[in-house]
Each structure stands twice: as C-alpha cells, then as structure tokens.
Amino acid sequence: MSEYEYIVEMRHITKRFPGIVANDDVTVRIRKGEIFALLGENGAGKSTLMSMLFGMYEPDEGEIWIRGEKVKITSPNHATRLNIGMVHQHFKLVSNYTIAENIIMGMEPVKKALGIFPMVDIKKANRDIRELSVRYGLEVEPEDVIENINVSTQQRVEILKMLYREAEILIFDEPTAVLTPQEIEFLLDIIRGLREDGKTIILITHKLEEIKQVADRCAILNRGKLIDVLDVATTSTRKMANLMVGREVNFQTGKKDAEFGEVVLDVQNLTVKNRDHFEVVKNVSFQVHAGEIFAIAGVSGNGQVEIADAIAGLAKASGGKIVLNGKDITQDSIRERSLQGISYIPEDRQNVGLVMDFSLSENLGLKNYHREPFSHRGILNKKEFDDYADRLIGEYDIRSSQGSRTVVRSMSGGNQQKAIIAREIEQENPLMIFVQPTRGLDIGAIENIHRQMIGERDKGRAVLLISLELDEIMNCADTIGVIYNGQIQKIADAKTLTTNEVGEFMMGVRQHG
C-alpha cells in the first residue's frame with residue numbers, strides 16, 4: 001500500500017473572475033490508476049478546475065496536494081515537472097514541424113557535432129518516438145509533418161507529447177469532439193490501456209455514453225459548485241444528465257416523420273476553391289425540401305463548411321449552381337441571399353455570427369436594422385431594438401448580466417449561440433443552415449437547440465445541418481449526405497443508415513453507393 005491514498009487532491013478550491021465565481025469551494029480526490037470524469041454544463045467550472053491543476057491559473061482559496069504533498073503549481077512547466085500532462089481541446093502543435101519535432105520540443109536529445117558543437121540528435125528522437133508510439137499502441141510516423149496528418153493522428157501526437165515527458169496524471173479536455181465513431185472507439189481503448197499501464201486519467205467531457213464506457217468515477221459540477229461524486233458503474237446516464245443540468249433531461253428528440261414539400265435548395269455540381277486555388281468542394285449536388293432536415297456528415301476539413309459558406313455567400317463558387325426556390329442565386333450578394341430567404345448559423349460564432357463589441361440588442365437586430373420599424377429614413381429606432389431584444393431574450397432563454405444592453409463579448413459561448421439562433425429563426429426564412437450548432441455546448445443547451453431545429457422543420461422550413469457530432473446527425477436528420485475529401489460519398493434516408501456505416505463513408509473506407 002502506498003503512503004498516500006489519493007494521487008490528486010484539490011481541497012476547497014475557489015476561483016473567482018470579475019463578476020463570477022468559477023469554482024466555489026470544490027473538493028475532488030482522485031486515486032492513482034483510475035479514470036476520473038468531470039461533468040457539467042458550459043460555465044460549470046470544469047476547465048477552470050483542471051487549468052489550476054495544470055498551472056494555468058492559481059486558486060484564490062484552497063489547496064492542491066499531489067502524491068500526498070501540498071504543492072503550489074505556478075505554471076504548466078511546473079505541472080510537467082510534477083508529471084502532470086494535458087491534452088487541450090484545441091491542439092497546440094506547430095503545423096510545419098514533424099511529429100518528432102513537436103513531441104521533443106523543449107526536451108530535445110542533444111549530441112556533439114565533431115565532438116564540440118551541440119546539436120539536436122533527430123535520429124535518436126525519431127527512434128525514441130517510434131518506440132514510444134508502438135509501446136502505447138499510438139503508432140505514428142515521426143518524420144511526417146503535422147499539416148499533412150489527420151485530426152486523430154494529431155491527437156495521438158498530443159498524447160505522445162505527455163508520455164514523452166513521463167506524465168503520470170493525464171488530463172483530456174473534450175478528447176472526442178472531432179473524431180469519427182471508429183476513431184472514438186480507438187481512443188477509448190488507448191485510454192483504457194494507459195490506465196492499465198498505471199496512468200491516472202482525468203476526462204473532461206459532456207458525452208455521457210463515453211463516460212459510461214471508460215470512467216470509474218465522475219464528479220458533477222453545476223454553476224461552479226460540486227454537486228456529487230458518483231461511481232459510474234452504478235449510475236445511469238439519465239441521472240448524470242439531470243444532476244448536470246439541474247432538471248429532467250429528455251434524451252429523445254421525439255420528432256415525427258417528415259412531410260417533404262417542394263425543393264427549396266437545389267445545389268448543382270458545386271465546386272469551391274480555397275485561397276490556394278485548391279478544390280475543397282468537388283462537383284457536389286443535393287437537394288433540400290421544405291419540411292426536411294438534410295444533414296451533411298463528415299470529418300472536419302472535408303469541405304462541408306465551404307459548402308455552407310458558398311450557399312450563404314461567404315465563399316465564391318468556382319463552378320456549378322445554387323438555386324433557392326427556383327431562382328439562381330450563385331452570383332447574389334450575402335444581403336440579397338438573406339433577403340431571399342436564407343438564415344445562417346455559422347461555425348465561427350464569434351468572428352462570423354456576432355459583432356463582439358456590440359450590445360445584445362444590436363446583435364439581435366442585425367438582420368432588421370435597415371427596415372421599418374427598426375429604422376425610418378436611415379435613423380435607427382433604439383426602443384424598437386430593445387423591445388425586440390427583450391422579447392427574444394425571454395423566448396430563447398438568453399442569459400446575460402445586463403439584459404439587452406450586455407456586450408456580447410462578456411457572455412458565455414452557449415448564450416452567444418442562443419442569440420445567433422434566436423436572430424436567425426426569427427427571420428422565418430424558408431432555408432435555415434445550421435453549422436456545428438451545438439459545438440462546445442452542454443446537454444441542456446443541446447437538447448433545446450435540437451428541439452428548435454426540429455420545430456423549424458415542422459413549420460415547413462428546409463433545414464441544412466452540418467455537424468461533426470454523429471449522434472446529432474443520427475438523432476435529427478431525415479436525410480444524410482456523407483462527405484469525404486470534398487465529394488459526397490452517399491445520400492440516403494437517415495433511417496436506412498447505421499452509425500458505423502456513416503462513419504465508414506466519413507473515412508472514405510466505403511465508396512459511393
């Protein structure tokens with residue numbers, strides 16, 4: 001028996017930021033060799049808590065104990081010296097470096113050239129990385145350049161970075177957010193293998209089924225407070241979800257069968273080039289009907305966002321036609337497309353969806369400011385903006401510290417997303433495009449957005465959904481188109497496809513059928 005019962009103890013941790021208590025007297029204790037999950041809504045304090053363990057913040061109150069000793073972790077480098085590693089949700093890799101160069105950065109093996117001059121021993125690094133990757137079932141080719149490898153391999157590189165630094169406590173922040181179902185299964189197997197090798201795993205995620213598959217215990221946070229610590233094996237996903245959100249959560253979308261109307265969107269042989277004049281969308285064709293949710297499934301970076309941008313007018317089509325309600329809009333401006341009936345919820349909510357330094361009232365009125373009653377002869381009617389915003393804040397449960405006057409930059413990501421969705425739905429347009437509508441949102445917000453999307457379909461709108469979340473696509477879509485390398489591999493009724501089949505098309509394993 002070791003001299004300490006817990007490898008990590010965070011005792012009575014409190015962390016405050018201006019106007020908010022991110023962690024409020026939180027105590028968690030983690031045993032060596034267990035997989036410990038952190039669950040909670042957006043803004044519940046999960047990432048803040050782990051950022052303190054990794055030395056990115058210091059607690060205002062409370063203590064951190066590692067291996068039975070009280071420590072003050074002042075930086076990520078200090079955390080690394082304590083054998084703590086973290087894989088961030090957004091990978092921190094240098095894209096034009098090789099895999100080996102990324103992994104050894106800051107800990108390069110050195111040899112003497114001509115017996116005098118120190119230089120990096122890259123051959124030894126490549127050999128060491130190859131051996132390490134084989135040992136943990138994370139095979140990589142050390143000489144491959146990061147920008148040429150896929151997302152799941154990049155994630156392996158991040159894990160190998162921790163293992164190369166001999167991390168014993170591994171923190172994973174939303175590790176499966178950008179992976180296919182097959183890649184997720186592979187990663188969960190890796191995590192189990194790391195535990196068997198004696199590592200301690202801390203998992204930040206909102207995916208309850210994955211927690212159920214691999215975690216031993218889970219801590220549930222709600223608005224900065226610790227609600228409970230539970231044994232995963234004896235706790236249902238429903239109970240976890242309800243504790244997270246603080247109310248009963250309905251996992252089923254409960255949607256009725258679709259009743260298709262006329263074709264609203266007709267995309268014909270669409271080709272889109274990126275800034276380097278490389279074709280990222282190649283001769284893509286599909287139709288979306290009134291009363292239909294048409295979902296495009298694909299691994300990140302396969303052209304699906306460029307399709308949405310081309311339809312909305314943010315990207316130029318280099319070939320093909322886009323037809324809306326029988327009218328060719330391929331050359332129309334963004335404003336013209338919007339007025340003709342396109343609502344767009346973009347992937348990048350902060351740079352494309354909102355003006356971050358405008359108030360909530362001004363952002364909610366962005367699609368209406370140029371027409372009555374929001375303006376008259378070019379003069380804006382501020383009261384109309386505020387009245388409209390107050391109504392949407394109530395109807396869409398947009399939470400903000402100062403109501404319609406709140407600057408959107410100060411709002412949480414989930415509430416920024418609610419604001420965009422409220423603004424776009426209120427246009428009552430025949431075509432609604434949702435791109436990654438629930439990325440980074442908690443289970444309560446996800447449930448609400450799915451209900452709104454299906455509600456719009458039931459009102460006879462045509463809905464184009466682009467998502468990396470396969471569960472979301474399987475739950476919401478009536479028709480699924482799967483994209484790989486800029487080409488549509490398959491279009492089929494959602495009821496006729498399994499999750500695994502969609503995953504195989506997403507990876508290009510199965511070809512057109």
TODO: Report, as yes or no, whether the 6.0 Å neighbourhood of atom NZ on Lys282 holds more than 12 heavy atoms from other residues, nucleotides or ligands.
DONE: yes
Less than 4.5 Å apart, side chain to side chain, heavy atoms only: is that true for [X] and [Y]?
X	Y	answer
Ile329	Gln340	yes
Asn302	Gln489	no
Met432	Ile425	yes
Val87	Ile171	no
Leu380	Phe385	yes
Val232	Met240	yes
Ser343	Ile433	no
Phe172	Met50	no

Indicate the atoms forming the closest heavy-atom contact of [X] with [Y], along with that distance.
X	Y	value
Ile293	Cys476	CD1-O, 3.4 Å
Gln436	Gln417	O-NE2, 3.8 Å
Leu270	Val281	O-CG1, 3.5 Å
Leu364	Ala419	CD2-O, 3.4 Å

Next item on the list: Examine the side chains of Tyr396 and Glu426 and answer whether a donor and an acceptor come within less than 3.5 Å of each other.
Entry: yes
_Which label fits Phe286 and Phe294: parallel for a plane angle under 30°, tilted from 30 to 60°, or perpendicular past 60°?_
parallel
Those residues at least two apart in sequence (or on a different chain) that pass side-chain hydrogen bond (donor to acceptor under 3.5 Å, both in side chains) with Thr205 are none
Sorted by chain and residue number, the side-chain hydrogen bond (donor to acceptor under 3.5 Å, both in side chains) partners of Arg377 (sequence neighbours excluded) come out as none
| query | Do Tyr388 and Phe374 have ring centroids that are under 6.0 Å from one another? | reply | yes
Worksheet item: Ring centroid separation for Tyr484 and Phe505, is it under 6.0 angstrom?
Response: no
[atom1]-[atom2] distance between [X] and [Y], expressed to the nearest 0.5 angstrom:
X	Y	atom1	atom2	value
Gln452	Ile345	CD	CD1	9.5 Å
Asn325	Glu262	CG	CD	9.5 Å
Ile449	Ile454	CD1	CD1	12.0 Å
Met86	His88	CE	NE2	5.0 Å
Asn351	Met356	CG	CE	8.0 Å

Exactly one candidate in Asp458, Asp478, Asn475 meets side chain to side chain donor-acceptor pair (under 3.5 Å) with Lys255; the answer is Asp478
Do any N or O atoms from the side chain of Lys490 and from the backbone of Gly481 form a donor-acceptor pair under 3.5 angstrom? no
